[in-house]
Amino acid sequence: MKSMDELFYAILQDVYYAEKQLVKVLPKLAKKSTNPQLEKAFADHLEQTKGHVERLEKAFAMIDKKPRGKKCDAILGIVAEGEEVIKEADDDDVLDAGILAAAQAAEHYEIARYGTLCAWANQLGKPQIARLLHQTLEEEKKADSLLSAIAERAVNRAAMSA
Ligand SMILES: [Fe+2]
Ligand SMILES: [Fe+2]
């Protein structure tokens, strides 16, 4: 990698891989959630996540590249931790709190990545890509805030009394 354009392309591939993993994982999280608000949050974010994949495909087209994923160990690690919690939690409320925390780790990863991509897109003179990915960044932030609200309102309180 010798240029910022190449680095930008590499991170785009990283987050494309991550989003595609999340499209697979979010239905599992929805299914495992026992709190109905949490289940709905995952189902809704799944639909948004499919849109994130599409936006990335548009971004690839805007730099004349084919959409390609590049294995992202960070998201695989977060997903593995979530799966561990699902396996090991022996109480429904503890399970909900654990998967909610894993999901927030994924959202924070996405927020970091999209923040970087938006800043670099602007610096590289690609404001349309910055605007496009900024929409995703805002959806990730909202998803994260909603998970925080659900945690504070219900899930963590229930889990603490488990
Ligand atoms: Fe996303
Ligand atoms: Fe997300």
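Indexing begins at 1, ligand by ligand and atom by atom, following the structure's order. Numbering of residues begins at 1 and proceeds along the displayed sequence. Just so it is clear, the model here is predicted, and its values are computed rather than measured.
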Legend entry - Given Leu147, Leu26, Leu146, the one that forms side chain to side chain contact (heavy atoms under 4.5 Å, CB included) with His45: Leu26
Legend entry - N, O or S atom within Glu107 nearest to the Fe ion (ligand 2), by name: OE1
Inset, instruction - Examine all N, O or S atoms of Glu19, backbone included, and report whether one is under 2.8 Å from the Fe ion (ligand 1). - result: yes
Inset, instruction - Show your working on salt bridge (charged side-chain N to carboxylate O under 4.0 Å, His left out) between Glu139 and Arg55 and close with a plain yes or no. - result: CA-CA 12 Å; Glu139 287 175 4; Arg55 283 196 194 114; 3.3 Å; yes
Inset, instruction - Determine which of the N, O or S atoms in His52 is closest to the Fe ion (ligand 1) and give its atom name. - result: ND1
Legend entry - Check ion pair Asp5-Lys126 (N to O, under 4.0 angstrom): yes
Legend entry - Criterion side chain to side chain contact (heavy atoms under 4.5 Å, CB included) on Lys31 and Phe42, from CA distance to verdict: CA-CA 9 Å; Lys31 210 174 131 200; Phe42 287 139; over 6 Å; no
Legend entry - Name of whichever N/O/S atom of Glu140 is nearest to the Fe ion (ligand 2): OE1
Legend entry - Ion pair check, Lys50 and Glu47, cut-off under 4.0 Å: yes
Inset, instruction - Considering just N/O/S atoms, say which atom of Glu110 is closest to the Fe ion (ligand 2). - result: OE1
